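One is the number of the first residue; the rest follow in order along the sequence. As a basis for the values below, the full set of heavy atoms in this structure was taken, side chains included, without hydrogen atoms, waters or symmetry mates. Here the structure is a predicted model, which is why all the values come from computation and not from measurement.
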Amino acid sequence: MLCSNVSGAYLIQPLLHDAREPVGSPVSYQTMRLDALRNLAVLRVVAPVLQLVSVWVVEVNFGIQTFSPLLAAVFGVQLQVAVVTWIYVLRRPLVRESQLLANGLLDILMFSTVLYFTGGASNPFAILVVLHYMIIVTALDRQGVVLVAAFAVICHLLLALLAPEIQHPDGLAATQALHARGSVVSFVLAAALLTFFVNRMNAALRHNEHAVRKALERQTRNESVSAMGAMAAGYAHELSSPLGTVTLLVDGLRARHPLGRDAADLRKIEEQVRRCKDIISNLAQAGGQRRSESAGAIRADRFVLCVLNRVRDLHAGATLIPRLDPSPPPLIVGEETLRQAITSVVENAVQASPHHVLVQTDWSADQLLIIVRDQGPGFPAEILQQFGLTVRTTRKDAGGNGMGLFLAAATLDYLNGRLTVRNEPQGGASVTLAVPLATI
């Protein structure tokens with residue numbers, strides 16, 4: 001079983017489930033909400049520190065008494081909330097929109113409470129409430145944005161109406177001068193913090209856009225694989241009749257010429273027809289089978305050598321040069337999906353460079369790494385740019401359809417691995433298959 005012929009059915013079937021997995025927008029919104037909560041966690045550490053420093057400077061340098069037990073209690077609550085927030089976000093939780101909205105409203109309330117004891121709306125640092133607002137609204141829907149904005153406006157109006165203003169001991173002129181200095185410091189702080197958080201949000205947005213783009217590419221690829229699987233059963237039925245006819249013709253020729261010079265060729269044709277029948281039989285049953293039913297434990301070196309031996313049987317005269325990792329090989333699950341992916345890559349290299357294909361392996365780290373190098377013409381630029389996204393081939397004249405490498409890339413993605421291609425500077429191409437050992 002471990003070194004038997006491989007059917008493409010085992011490659012398509014497990015990918016059909018993956019094609020139905022939800023991808024796209026829900027994941028991106030969740031990421032945006034988690035990023036917003038992380039930014040709030042940072043601000044919840046920075047804000048109390050800056051507020052304490054401001055209160056200390058005003059009392060020491062200007063003799064204005066603002067610190068009180070109630071203000072100290074507010075600072076204590078802020079620090080406790082900051083600690084709880086960091087413990088929460090480090091677990092990378094799922095953040096619901098209602099949670100983010102509640103956290104934003106809480107931040108505005110705590111900031112407004114501090115302002116109430118330090119001058120209210122006349123405090124030059126009151127404008128810094130826009131930081132909380134800006135962080136929150138980037139990940140809320142329209143109703144949430146309106147609610148946060150309305151709450152911030154209401155808090156500011158209540159501060160203007162109810163909060164006592166801070167007066168300098170030297171009179172109105174000194175109070176105005178202090179307010180002017182505070183406005184300058186507030187502007188510098190606002191600019192610095194806005195720059196910091198905007199850069200963080202831009203970086204998170206670019207990362208999120210990249211993740212969504214990769215998810216859409218994966219969905220497109222899986223839809224193609226699903227379409228292939230849907231047509232597989234029909235093709236299997238259609239191929240049964242011509243293969244049966246070929247078998248009858250071969251049997252007739254062997255009966256008439258049992259010892260002829262073409263007997264070896266007829267045996268080869270018979271073997272290939274039998275293999276095609278096995279593939280069709282497996283393909284017809286693939287819809288109800290799982291990958292694990294066709295897999296068994298095998299050492300990684302033997303697994304790779306089985307694949308290479310199979311390619312040698314199919315391509316007489318091909319020169320395959322294996323270079324196995326000298327470290328002790330791990331025991332892996334020799335599943336048919338991975339076997340077919342490796343076979344497709346090696347066969348593609350053999351067809352491009354039949355007289356020299358180098359296959360290197362490395363399992364010394366936490367992944368199985370297989371690098372297949374050939375001395376062929378390499379991949380065209382358009383193939384490299386769209387590799388793994390669509391079915392493309394450079395061998396239409398030789399009957400190639402590009403499906404082998406496309407399905408190999410889909411298989412590696414399903415196994416949480418990756419398949420990369422590149423042209424070597426000295427000529428030829430290399431294809432790298434990397435699969436986490438924890439997966440297999």
Side-chain angles (χ1 to χ4, degrees), residues 3-8 10-12 221 272 275 279 300-325 329 332 334-363 367-415 417-435 440:
C3 291
S4 61
N5 288 341
V6 182
S7 166
Y10 296 112
L11 182 60
I12 296 177
R221 180 173 61 244
Q272 295 300 314
R275 176 174 174 267
I279 292 175
D301 56 344
R302 292 180 180 176
F303 178 75
V304 174
L305 291 176
C306 282
V307 173
L308 298 185
N309 289 335
R310 176 182 176 277
V311 175
R312 288 192 183 97
D313 292 339
L314 296 175
H315 300 273
T319 302
L320 299 176
I321 306 172
R323 289 185 183 174
L324 302 180
D325 188 337
I332 65 172
E335 58 179 23
E336 298 293 348
T337 54
L338 179 59
R339 192 193 310 272
Q340 180 66 35
I342 300 172
T343 301
S344 297
V345 171
V346 176
E347 283 190 325
N348 189 74
V350 167
Q351 291 161 356
S353 173
H355 301 298
H356 183 91
V357 174
L358 176 64
V359 181
Q360 293 179 281
T361 63
D362 183 3
W363 45 70
Q367 62 181 359
L368 173 63
L369 197 66
I370 300 174
I371 304 174
V372 181
R373 290 190 175 95
D374 62 56
Q375 293 183 345
F379 293 98
E382 62 272 15
I383 297 292
L384 292 176
Q385 293 174 357
Q386 297 294 323
F387 181 78
L389 301 180
T390 58
V391 178
R392 303 286 295 274
T393 182
T394 59
R395 299 185 294 104
K396 290 184 179 179
D397 54 343
N401 55 22
M403 190 178 297
L405 286 181
F406 174 78
L407 291 177
T411 297
L412 268 292
D413 186 66
Y414 176 80
L415 295 173
R418 68 183 188 279
L419 189 145
T420 55
V421 300
R422 70 187 184 99
N423 292 329
E424 297 290 342
Q426 65 273 23
S430 68
V431 181
T432 301
L433 303 93
V435 187
I440 56 173

Visitor: Would you name the heavy atoms of P377 and A352 that are closest together and state the gap between them?
Guide: CD-O, 4.2 Å

Visitor: Report yes or no: does S344 contribute a side-chain atom to a donor-acceptor pair with the main-chain N or O of Q340 at less than 3.5 Å?
Guide: yes

Visitor: Rounded to the nearest 0.5 Å, how far does CD of Q360 lie from CG of D362?
Guide: 9.0 Å

Visitor: Measure across A434 and L412 and return the closest heavy-atom pair with its distance rounded to 0.1 Å.
Guide: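 Looks like O-CD1, 3.4 Å.
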
Visitor: Backbone N or O of L320 within a donor-acceptor pair of the R312 side chain at under 3.5 Å?
Guide: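 Here the side-chain-to-backbone pair exists.
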
Visitor: Begin from the C-alpha positions of T361 and D301 and carry the test side chain to side chain contact (heavy atoms under 4.5 Å, CB included) through to its verdict.
Guide: CA-CA 8 Å; T361 63; D301 56 344; over 6 Å; no

Visitor: Is the closest side-chain heavy-atom distance between R310 and E347 below 4.5 Å?
Guide: yes

Visitor: Output, in order, the C-alpha distance, side-chain angles, deciding distance and verdict of side chain to side chain contact (heavy atoms under 4.5 Å, CB included) for L324 and L305.
Guide: CA-CA 9 Å; L324 302 180; L305 291 176; 4.0 Å; yes

Visitor: Between atom CG of L415 and atom CG of L368, what is the distance when rounded to the nearest 0.5 Å?
Guide: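 If we round to the nearest 0.5 Å, L415:CG and L368:CG are 10.5 Å apart.
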
Visitor: Where is the tightest heavy-atom contact between I321 and L358, given as atom of each residue plus distance?
Guide: O-CD1, 3.3 Å

Visitor: Identify the two heavy atoms, one from N423 and one from A429, that lie closest to each other, and give their separation to 0.1 Å.
Guide: OD1-CB, 3.8 Å

Visitor: Rounded at 0.5 Å granularity, tell me how far CG in L419 sits from OG1 in T432.
Guide: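 Reported to 0.5 Å precision, the distance equals 8.0 Å.
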
Visitor: To check you understand the geometry: which heavy-atom pair defines the closest contact between V372 and V357, and what is its length?
Guide: CG1-CG1, 3.8 Å

Visitor: Are L433 and I342 close enough that some pair of their side-chain heavy atoms sits under 4.5 Å apart?
Guide: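 Yes; the side chains approach each other to less than 4.5 Å.
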
Visitor: Less than 4.5 Å apart, side chain to side chain, heavy atoms only: is that true for W363 and I332?
Guide: no

Visitor: Report yes if some heavy atom in the side chain of L308 is under 4.5 Å from a heavy atom in the side chain of V359; otherwise report no.
Guide: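 Answer yes - side chains close enough.
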
Visitor: So, taking the atom named OG1 in T319 and the one named NE2 in H356, what distance separates them when rounded to the nearest 0.5 Å?
Guide: 9.0 Å

Visitor: Using side chain to side chain contact (heavy atoms under 4.5 Å, CB included), reason through N348 and V431 one step at a time and then give a plain yes or no.
Guide: CA-CA 10 Å; N348 189 74; V431 181; 5.6 Å; no

Visitor: With rounding to the nearest 0.5 angstrom, report the OG to CG distance, S430 to D374.
Guide: 8.5 Å

Visitor: Restricting to non-hydrogen atoms, name the atom on P329 and the atom on A300 that form the minimum distance, rounded to 0.1 Å.
Guide: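 Where P329 meets A300 most closely, the heavy atoms are CB-N, 4.2 Å.
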
